[in-house]
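Down below is the structure, laid out as structure tokens.
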Amino acid sequence: YNDLLFHRCIRNFMVQGGDPNSRGAAQGQQLGIGGPGYTIDAEFNSKFIHKKGALAAARQGDAVNPAKKSSGSQFYIVQGSTCTDAQIEQYQLYVQRKNPGFTYTDEQKAIYKTLGGTAQLDMDYTVFGEVIQGLEVIDAIAAQPTAMGDRPVTDVKMTMEIIK
């Protein structure tokens, strides 16, 4: 992932990266369709919600990907926004249409009301990790001015560092 771009950034929603075609991409080049040539089976777990800082697998839309298989390389980090009780109830009903019996716990509701997130993605995209410190970096990336395709006007590169 070193030197790949956060190629899709939508304020109050998420920042996305992991397209191998983004390394060294020219300004204005459309990104977001690259990958390693394989997908990963979806893994939904009601314990893992799209709270701010959630790390989730990007994927192609339902029309071409009814099994909701995850990209082999692309991911997003949730920025989202806080929700009211009424919004949480609406999101729960929305998620329940595809996942009968799904119910937010009181703790999850409190997270969406205080920390925020993108509840409409719950049980539809695989959440596999979370940012545990540095949430302000997500805010800074999401605040970048963007051009067509939600690509930041100024490239935002990933830098990987091995911590021992």
Side-chain angles (χ1 to χ4, degrees), residues 1 4 6-19 22 30-144 146 148-152 156 158:
Y1 290 92
L4 294 187
F6 282 100
H7 65 269
R8 184 172 176 231
C9 299
I10 303 173
R11 191 180 313 219
N12 296 322
F13 186 52
M14 60 86 210
V15 298
Q16 181 174 335
D19 180 344
S22 71
Q30 185 175 357
L31 298 169
I33 57 171
Y38 61 86
T39 56
I40 301 168
D41 288 344
E43 295 182 34
F44 305 134
N45 185 325
S46 61
K47 294 178 187 176
F48 306 125
I49 61 170
H50 282 80
K51 65 184 180 179
K52 183 174 185 176
L55 180 61
R59 65 175 178 81
Q60 291 185 309
D62 293 354
V64 295
N65 183 19
K68 301 176 191 266
K69 291 186 174 202
S70 299
S71 167
S73 65
Q74 292 193 44
F75 66 93
Y76 60 93
I77 305 170
V78 173
Q79 182 191 33
S81 57
T82 57
C83 301
T84 64
D85 286 323
Q87 289 170 318
I88 293 168
E89 184 64 30
Q90 286 179 327
Y91 289 135
Q92 181 167 284
L93 292 172
Y94 175 76
V95 174
Q96 284 176 336
R97 283 188 215 127
K98 294 181 182 180
N99 301 278
F102 175 83
T103 304
Y104 288 116
T105 66
D106 289 340
E107 180 184 3
Q108 289 170 329
K109 290 176 184 178
I111 288 169
Y112 278 135
K113 289 194 301 191
T114 58
L115 183 62
T118 56
Q120 67 270 29
L121 300 179
D122 289 337
M123 303 299 291
D124 216 19
Y125 290 77
T126 299
V127 175
F128 63 90
E130 70 179 289
V131 174
I132 55 172
Q133 66 184 67
L135 291 174
E136 67 279 358
V137 176
I138 299 165
D139 295 333
I141 295 169
Q144 296 300 306
T146 57
M148 190 177 342
D150 301 310
R151 181 174 171 184
V156 179
M158 296 179 207

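In what follows, residues are counted from 1 in the order of the sequence shown. These numbers come from a predicted model, not from an experiment.
- With hydrogens and angles disregarded, a donor-acceptor distance shorter than 3.5 Å links the side chain of Asn99 to the backbone of Val95.
- Rounded to the nearest 0.5 angstrom, Ile141 CD1 and Phe6 CZ are separated by 4.5 Å.
- In this structure, Gln60 contributes its side chain and Ser70 its backbone to no donor-acceptor pair below 3.5 Å.
- Note: Ile138 CD1 to Leu55 CG = 9.0 Å, rounded to the nearest 0.5 Å.
- Around the CD atom of Gln120, the shell of radius 6.0 Å holds more than 12 heavy atoms that belong to other residues, nucleotides or ligands.
- Annotation: side chain of Glu43 is not in contact with side chain of Phe48 (no heavy-atom distance under 4.5 Å).
- Between Phe75 and Tyr1, the ring center distance clears the sub-6.0 Å criterion.
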Inset, instruction - Could you give me the CA-CA distance, side-chain angles and deciding distance for Ile77 and Val131, then say whether side chain to side chain contact (heavy atoms under 4.5 Å, CB included) is met? - result: CA-CA 8 Å; Ile77 305 170; Val131 174; 3.8 Å; yes
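- Side chain of Arg11 to backbone of Ala143: a donor-acceptor contact under 3.5 angstrom is found.
- Of the charged side-chain nitrogens involved, at least one lies within less than 4.0 Å of a carboxylate oxygen, so that Lys98 and Asp62 count as a salt-bridged pair.
- Ring pair Tyr76/His50 is parallel by interplanar angle, where below 30° counts as parallel and above 60° as perpendicular.
- Between Asp122 and Lys51 there is no salt bridge, since no side-chain nitrogen of the basic residue lies less than 4.0 Å from a carboxylate oxygen of the acidic one.
- Within the 3.5 Å criterion, the main-chain N or O of Leu4 finds no donor-acceptor partner in the side chain of Ser22.
- Contact of the Tyr125 side chain with the Lys68 side chain is not registered, since no non-hydrogen atoms from C-beta on lie closer than 4.5 Å.
- For the residue pair Ala58 and Gln16, the shortest heavy atom distance occurs at CB-NE2, 3.7 Å.
- The backbone N or O of Ser71 sits nowhere less than 3.5 Å from a side-chain atom of Gln74 that would complete a donor-acceptor pair.
- Considering only heavy atoms from C-beta on, Leu115 comes within 4.5 Å of Leu135 through its side chain.
- When each of Asp124, Val64, Thr39, Ile40 is paired with Arg59, the side-chain contact (heavy atoms from CB on, under 4.5 Å) condition holds for Asp124 and for no other.
- Pairs engaging residues 84-117 under the ring pair (Phe, Tyr, Trp, His ring centres under 6.0 Å) rule: Phe102-Tyr104, Tyr104-Tyr112 [sequence neighbours left out].
- For the pair Ser73 (side chain) and Asp19 (backbone), a donor-acceptor distance under 3.5 Å is absent.
- Enclosure of atom CD1 in Ile132 is not indicated, since only 12 or fewer non-hydrogen atoms of other residues, nucleotides or ligands lie within 6.0 angstrom.
- Applying the side chain to side chain donor-acceptor pair (under 3.5 Å) rule to Asp139 yields the partners Lys52, Gln79; only residues at least two apart in sequence or on another chain are considered.
- Annotation for Gln96: atom CD counts as buried by contact number, over 12 foreign heavy atoms lying within 6.0 Å.
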Inset, instruction - For side chain to side chain contact (heavy atoms under 4.5 Å, CB included), just list the numbers for Ile49 and Gln108, CA-CA rounded to whole Å, side-chain angles, deciding distance to a tenth of an Å, and then say yes or no. - result: CA-CA 8 Å; Ile49 61 170; Gln108 289 170 329; 3.2 Å; yes
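- Put simply, the residue from Thr82, Thr84, Asp85 that forms a side-chain hydrogen bond (donor to acceptor under 3.5 Å, both in side chains) with Lys113 is Asp85.
- Applying the side chain to side chain donor-acceptor pair (under 3.5 Å) criterion to Lys109, with sequence neighbours excluded, gives no partner residue.
- Asp150 is not listed as a side-chain neighbour of Cys9, based on a closest heavy-atom distance of 4.5 Å or more.
- Between Leu31 and Arg8 there is no side-chain heavy-atom pair separated by less than 4.5 Å.
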